[in-house]
Amino acid sequence: MDSPKKIALLGSTGSIGTQALEVISAHPDKFQVEVLTAHSNHTLLLEQARKYKPNAVVLVNDAHYKNLSDELWNMGIKTYSGEEALAQVVEMDDIDLVVTALVGFAGLKPTMSAIAAGKNIALANKETLVVAGDLVTKAASAKGVNIYPVDSEHSAIFQCLAGEFHNKIEKIYLTASGGPFRGFSSEQLGKVTREQALKHPNWEMGAKITIDSASMMNKGLEVIEAKWLFGLKAEQIDVIVHPQSIIHSIVQFEDGSMKAQMGLPDMKLPIQYAMAYPDRIHSAFPRFNFMDYPNLTFEQPDPKTFRNLQLAFDSLHKGGNAPCILNAANEVAVALFLQDKIGFLGMSDLIEKCLTDVQFIEKPSLEDYFTTDQATRELAQELASK
Ligand code: NAD
Ligand code: MG
């Protein structure tokens with residue numbers, strides 16, 4: 001029997017991170033935790049480190065680092081703090097697979113260094129591909145590194161492509177639940193509260209992606225993510241609203257045949273598929289029952305009302321650093337919305353203004369992405385404080 005895959009789990013305290021640990025716990029013969037990292041939830045990180053006994057942990061925010069390191073030191077677990085440590089720890093020799101379950105632009109640096117060290121990636125952190133998909137995918141192919149999607153829609157496409165990698169894709173359909181405000185008018189969206197936006201009908205997720213799902217930005221980011229993962233043109237990617245979230249996405253081939261992947265909405269399945277690829281391994285997740293869902297329905301998305309979806313398509317067409325601007329402006333907008341500092345529609349206003357005002361770069365370097373991210377954050381904060 002093969003020895004267990006050694007996993008570095010970035011963002012182990014989050015929604016994807018904790019579910020990845022559940023998958024690992026169910027298959028101790030297949031997976032072993034080598035590294036755990038978190039931003040600031042030191043109590044949960046400590047608990048996880050005691051349970052999974054990794055080789056190393058990183059707590060990015062140093063506020064509670066001392067308590068953590070004192071305790072883990074006695075157990076022989078290496079501890080580090082800071083962003084640099086996060087980018088370095090993924091290079092450790094023993095790591096077989098890096099699961100990027102951290103949120104936002106912060107994923108770019110450690111993902112790039114994991115690729116440079118030749119580590120395969122199970123990618124949940126879609127923002128990294130949105131921001132710098134060209135550089136990330138080029139670096140991965142130069143190093144022979146595989147990027148396995150964790151996002152449920154992209155996992156669905158990837159599963160439909162098994163055995164079909166040589167066949168031409170005509171187009172793909174990414175399904176979207178439509179979120180809590182499906183069918184709302186702009187007027188209604190203008191009045192929604194943070195609490196309403198945080199209640200997703202089908203998925204339990206971290207706060208940022210939950211707001212992105214309510215605003216349809218999540219689907220916009222996923223369109224850009226799909227372009228880079230599967231080497232597609234913007235015209236080959238369509239979005240279809242499917243409120244039940246049972247069909248996770250669809251590939252249409254040259255002969256017109258369509259393959260869909262379906263199942264109950266449970267992120268543990270795509271997480272497990274990405275970690276165990278190319279194998280399918282047993283799971284005890286609840287099974288789908290047709291009679292619980294006698295009607296699977298489909299609707300057109302409404303990018304006029306959900307402007308973030310249109311803005312994402314626009315930035316994809318524009319290319320260069322436009323998706324990086326979109327992402328940074330959105331990260332600031334979501335944070336401000338969560339602090340009740342701007343309204344729901346104010347998020348799209350802010351993103352649109354940043355897309356017109358931040359300097360466009362047609363062929364950005366990695367350094368340019370960091371500068372663009374910073375400049376956009378500063379502008380977005382300034383615009384919001386006016
Ligand atoms: P979350 O907020 O629940 O967890 C985020 C994790 O990242 C935490 O462990 C946190 O400590 C860490 N983190 C946050 N900021 C950081 C920083 N600046 N530096 C280092 N670490 C940091 O988020 P989540 O819902 O688990 O989402 C994680 C990623 O997976 C996101 O990119 C999201 O879009 C993607 N994703 C999530 C889901 C889901 O169901 N939750 C589904 C598909 C894709
Ligand atoms: Mg998704």
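Just so you know, ligand 1 is whichever comes first in the structure, and atom 1 is the first atom listed for that ligand. The model shown is predicted, which means the values in this text are computed figures rather than measured ones.
Heavy-atom separations between Glu127 and ligand 1 include at least one value shorter than 4.0 Å. Ligand 1 has no atom lying under 4.0 Å from any heavy atom of Asn41.
Residues Arg307 and Asp349 are paired through a salt bridge, judged by an N-O separation under 4.0 Å between the basic side chain and the carboxylate. Here Glu22 pairs with Lys268 in a salt bridge; the nearest charged N to carboxylate O distance falls below 4.0 Å. The pair Glu127-Lys208 counts as a salt bridge, with a side-chain nitrogen and a carboxylate oxygen less than 4.0 angstrom apart.
Of the listed options Asp151, Val150, Asn125, Val103, Val103 places a heavy atom closest to atom 5 (C) of ligand 1. The option from Ala124, Pro270, Ala101, Gly17 that lies nearest to atom 6 (C) of ligand 1, judged by heavy atoms, is Ala101. Distances from atom 8 (C) of ligand 1 to the heavy atoms of Thr37, Val58, Thr13 show the closest one on Thr13. Of all the listed residues (Ile209, Leu10, Leu102), Leu102 holds the heavy atom that lies closest to atom 29 (C) of ligand 1. Here the shortest heavy-atom distance to atom 19 (N) of ligand 1, taken over Ala106, Pro265, Pro110, belongs to Ala106.
Here the N, O or S atom of Glu153 that is nearest to the Mg ion (ligand 2) is OE1. Of all the N, O or S atoms in Glu222, the one closest to the Mg ion (ligand 2) is OE2. Counting just the N/O/S atoms of Asp151, the one with the shortest distance to the Mg ion (ligand 2) is named OD1.
Atom 3 (O) of ligand 1 has Ser15 N, 2.9 Å as its closest protein atom, hydrogens excluded (heavy atom only). Looking from atom 23 (O) of ligand 1 to the surrounding protein, the closest heavy atom is Gly206 CA, 4.0 Å. Taking atom 34 (O) of ligand 1 as the reference point, the nearest protein heavy-atom neighbour is Lys126 CE, 3.1 Å.
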For Glu47 and Arg50, run salt bridge (charged side-chain N to carboxylate O under 4.0 Å, His left out): C-alpha distance rounded to whole Å, both residues' side-chain angles, the deciding distance at 0.1 Å, then the answer.
CA-CA 5 Å; Glu47 199 181 295; Arg50 283 193 197 119; over 6 Å; no

Between Cys354 and Leu383, does a side chain to side chain contact (heavy atoms under 4.5 Å, CB included) hold up when you go through it step by step?
CA-CA 9 Å; Cys354 288; Leu383 290 169; 4.3 Å; yes

Take Phe105 and Phe370 through the ring-ring contact (aromatic ring centres under 6.0 Å, His included) test and state the conclusion after the steps.
CA-CA 9 Å; Phe105 182 87; Phe370 284 93; 5.2 Å; yes

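Below 30°, between 30° and 60°, or above 60°: for Tyr148 and Phe158 the angle between ring planes is between 30° and 60°, a tilted geometry. Under the 30°/60° scheme for interplanar angles, the aromatic rings of His27 and Phe31 are found to stand perpendicular.
With ligand atoms numbered from 1 in the order given, ligand 1 contributes 9 (O) to contacts under 4.0 Å with heavy atoms of Ser12. Atoms of ligand 1 lying under 4.0 Å from any heavy atom of Ile16, numbered from 1 in the order shown and given with element: 26 (O), 30 (O), 37 (C), 38 (C), 39 (C), 40 (O), 41 (N), 42 (C). Of all the atoms in ligand 1, the ones that sit under 4.0 Å from a non-hydrogen atom of Met267 are 40 (O), 42 (C), 43 (C). Set against the non-hydrogen atoms of Ala38, the atoms of ligand 1 under 4.0 Å away are 11 (O). Near His39, with a cut-off below 4.0 Å to any heavy atom, the atoms of ligand 1 are 10 (C), 11 (O), 13 (N), 14 (C), 15 (N), 16 (C), 17 (C), 18 (N), 19 (N), 21 (N), 22 (C).
Any N or O atom pair closer than 3.5 Å counts here, and Gly14 shares at least one such pair with ligand 1. Among the atoms of Gln19, none of the N or O lies under 3.5 angstrom from an N or O of ligand 1. For ligand 1, the polar-atom distance check against Val60 finds no nitrogen or oxygen pair separated by under 3.5 Å. On a distance-only criterion, Gly11 and ligand 1 share at least one N/O pair closer than 3.5 Å. At under 3.5 Å, not a single nitrogen or oxygen of Ser152, backbone or side chain, sits near a nitrogen or oxygen of ligand 1.
The hydrophobic clustering, which links ILVMFWY residues whose side-chain heavy atoms are closer than 4.5 Å, places Val241 and Ile246 apart. Both Leu336 and Ile325 are assigned to one and the same hydrophobic cluster, defined by single-linkage of ILVMFWY side chains at heavy-atom distances under 4.5 Å. Following chains of ILVMFWY side-chain contacts shorter than 4.5 Å, one cannot reach Phe313 starting from Phe360, and the two form parts of different hydrophobic clusters.
For the pair Ser155 (side chain) and Asp151 (backbone), a donor-acceptor distance under 3.5 Å is absent. Without hydrogens or angle criteria, Asn125 side chain to Thr100 main chain gives no donor-acceptor distance under 3.5 Å.
When the options Ile16, Val58, Thr37 are evaluated for a side chain to side chain contact (heavy atoms under 4.5 Å, CB included) with Leu10, the one that passes is Thr37.
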